[in-house]
Amino acid sequence: MLDRFREHLEDSGLITQGARVLVGYSGGADSTCLLDLLKRLGVDVVAAHLHHGQRPEADLELRLCEAFATEIGATFVSGRADIPRMCRELKIGVEEAGREARYSFFRSAAFETQCDLVATAHTRDDHVETVIMRIARGTGLTGLGGIPAQRENIVRPLLPFSREETRSYCDDLGLWTHDDPSNSDIQFSRVRVRKNVLPELRKLNTQADEAIVRLSNLAREEDHFLNGMAAASLERANIVLNGELEFLTRDLEIAFDRAALRHLPPVLCRRSMRLGVEALGGSLDHHQLSTLMAGIATEPVGSVTCERGVTVIEWTSEIVHLRTLNPVQPYRYPLVHPGETESDEFGWRICSEEGVSETAPVRASLSTTIEPTSLKGPLYFRAAESGDDIRPLGFAHRRKVSDVLSEAKLTLACRARLPIVCDLLGPIWIPGVCLDERARPLASTSRSRILSFGPISGNRGHNE
């Protein structure tokens, strides 16, 4: 098995040369096998064990796990979680709470121990059980893909191997392991699939496991292909929001031409909407997706709020607008002069310097020239506030800032992130929108205040 495992790592490239790997280590045969295999291949491993706070014997198991890791020369780290309390507070089941706790612990432990990858000991059996459970819940192609071999920095090197092989490996080498009683407790859905469903499927087809893996591989391949087609469809239907200020909300909102979406085959339209929502960190269940598709097809206007209220999708006769519900807290900070003021949170930069501008200021621009003698006190920036007004360049009268922003066709998310430069008298410049008339440079002024606004270098949004 060591030779086959080495060959699998070389072919898959899951673990690169020199990578430090944190192994999720429970003490069971699967994780013990994975930890020992990696150690024998010379991988720099850290054994990470999470105490779930559910069984009295877990304290002893933690000590035994540490002893085994130390014996084979692996670094050992541990953590504790209160799974019963998580279930009560989050109103989720034991299996889901355990999964959330484990991956949260793995991420933090990997950061603390400077590990490049997190390896979990999921086997082919886990993969097959997962596919069956998802079928029972009404999954689509993505769910049929089962457990991925890699997702971000999480890798699963044992997926080609069966649970029987990992146990035989440990038995043959006399490695210490222990069996978690929950692996035989039929109150858990995975155990019921393992003990009741899979044996019946194997009676129908002795190669049922291999058939399910084959189905999963085909589903993953077709899912990837359809995702590519859906992404291309979204790119063609994309509508740029907020003009030159679009960089402010790339990670918060995206919009598409409704007519273009309606002309897509339903399978691509559904997938496109799901991809768009996922790009903003949300997710759609079957009912929400069905409601959305029916609305886009027939209703003039409407909206759907995604699971857990993270994202909302709104449509009019012309556009379908996806936005993240991410309220911005009020802010107010001084503007650095001369120099640069940056917002890492919102991804913008304001540069302020003294100089001579050869061109007259333009009303709507990302750069402007300000008459320094017109300023009352130091400049600062903040979000728009109720009651703000400004006299746009070339206008004879003052106007509400809210009306000016609305006429500039800026979305609510953009207005919340757009900094308004003010002095003691109030707003003096709204980048990309307007400059106050009182700040117009005088013809006799030799030097002016030059401001420019734009994205932080290298700032990229989700839909770039």
Side-chain angles (χ1 to χ4, degrees), residues 238-256 276 279-282 301 303 305 309-316 318-335 341-350 362-368 370 379-393 395 397-423 425-437 439 451-456 459-464:
N238 183 63
I239 294 176
V240 176
L241 298 171
N242 305 310
E244 288 186 302
L245 297 170
E246 56 88 22
F247 66 88
L248 283 176
T249 61
R250 288 173 185 162
D251 60 332
L252 289 183
E253 59 184 347
I254 42 180
F256 305 104
L280 295 180
V301 296
S303 67
T305 301
V310 174
T311 309
V312 64
I313 307 170
E314 300 160 315
W315 61 90
T316 66
E318 297 180 350
I319 72 168
V320 178
H321 182 205
L322 287 65
R323 62 185 178 91
T324 300
L325 302 176
N326 187 19
V328 175
Q329 298 300 319
Y331 59 88
R332 174 177 174 147
Y333 297 99
L335 190 68
T341 305
E342 292 186 351
S343 170
D344 291 331
E345 181 181 2
F346 299 151
W348 56 251
R349 170 191 289 129
I350 300 178
V362 180
R363 182 186 304 160
S365 174
L366 294 184
S367 62
T368 193
I370 294 176
L379 293 180
Y380 65 94
F381 63 91
R382 58 170 171 77
E385 296 178 354
S386 176
D388 280 345
D389 61 13
I390 194 169
R391 182 186 170 193
L393 204 65
F395 279 60
H397 304 287
R398 303 191 70 77
R399 305 196 58 209
K400 292 181 178 179
V401 167
S402 58
D403 292 341
V404 174
L405 294 175
S406 178
E407 290 171 6
K409 301 186 184 306
L410 301 185
T411 63
L412 294 176
C414 184
R415 298 182 206 181
R417 286 190 165 187
L418 178 63
I420 297 180
V421 178
C422 307
D423 64 3
L425 296 182
I428 199 167
W429 183 46
I430 307 175
V433 180
C434 69
L435 175 70
D436 193 288
E437 179 66 36
L451 301 181
S452 60
F453 179 76
I456 295 176
N459 181 43
R460 298 176 62 85
H462 281 104
N463 60 329
E464 273 200 314

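Remember, it's a predicted structure, so these values are computed and weren't measured experimentally.
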Could you go through Leu241 and Glu246, starting from their C-alpha distance and side-chain angles, then the distance that decides it, and tell me whether this counts as side chain to side chain contact (heavy atoms under 4.5 Å, CB included)? CA-CA 6 Å; Leu241 298 171; Glu246 56 88 22; 5.6 Å; no

Could you give me the CA-CA distance, side-chain angles and deciding distance for Leu418 and Val433, then say whether side chain to side chain contact (heavy atoms under 4.5 Å, CB included) is met? CA-CA 10 Å; Leu418 178 63; Val433 180; 4.3 Å; yes

Apply the test side chain to side chain contact (heavy atoms under 4.5 Å, CB included) to residues Arg332 and Glu385: give CA-CA distance (whole Å), side-chain angles for both, the deciding distance (0.1 Å), then the verdict. CA-CA 11 Å; Arg332 174 177 174 147; Glu385 296 178 354; 5.9 Å; no

Derivation of the side chain to side chain contact (heavy atoms under 4.5 Å, CB included) call for Ile430 and Val401: CA-CA 9 Å; Ile430 307 175; Val401 167; 3.9 Å; yes

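In this structure the side chain of Ile239 never reaches within 4.5 angstrom of the side chain of Glu318, judged on heavy atoms. A 4.5 Å side-chain heavy-atom check between Val421 and Leu335 finds at least one atom pair inside the cut-off. Annotation: side chain of Tyr333 is not in contact with side chain of Pro419 (no heavy-atom distance under 4.5 Å). Residues Thr324 and Thr249 have side chains not in contact (no heavy-atom distance under 4.5 Å, counting atoms from C-beta outward). Arg417 has its side chain out of reach of Asn242: every pair of non-hydrogen atoms, C-beta onward, lies at least 4.5 Å apart. Looking only at side-chain heavy atoms (C-beta outward), Thr411 and Arg323 stay at 4.5 Å or farther from each other.
Using bins of under 30°, 30° to 60° and over 60° for the plane-to-plane angle, the ring pair Trp348/Phe381 lands in the perpendicular bin.
In plain terms, the two heavy atoms of Cys414 and Glu253 that are nearest each other are N-OE2, 4.2 Å. When all heavy atoms are compared, the tightest approach of Asp251 to Leu280 is O-CD2, 3.7 Å. A pairwise comparison of heavy atoms in Pro427 and Asp436 identifies O-OD2, 3.7 Å as the closest pair. When all heavy atoms of Ala255 and Asn238 are compared, the pair lying nearest together is O-OD1, 3.4 Å. Across Cys434 and Val404, no two heavy atoms sit closer than the pair SG-CG1, 4.0 Å. Annotation for Gly276 and Leu322: closest pair C-CD2, 3.5 Å, computed over non-hydrogen atoms.
The backbone N or O of Leu410 lies less than 3.5 Å from a partner atom in the side chain of Arg415, making a donor-acceptor pair.
Going from atom CG of Leu393 over to atom CD of Glu437 covers 5.0 Å, rounded to the nearest 0.5 Å.
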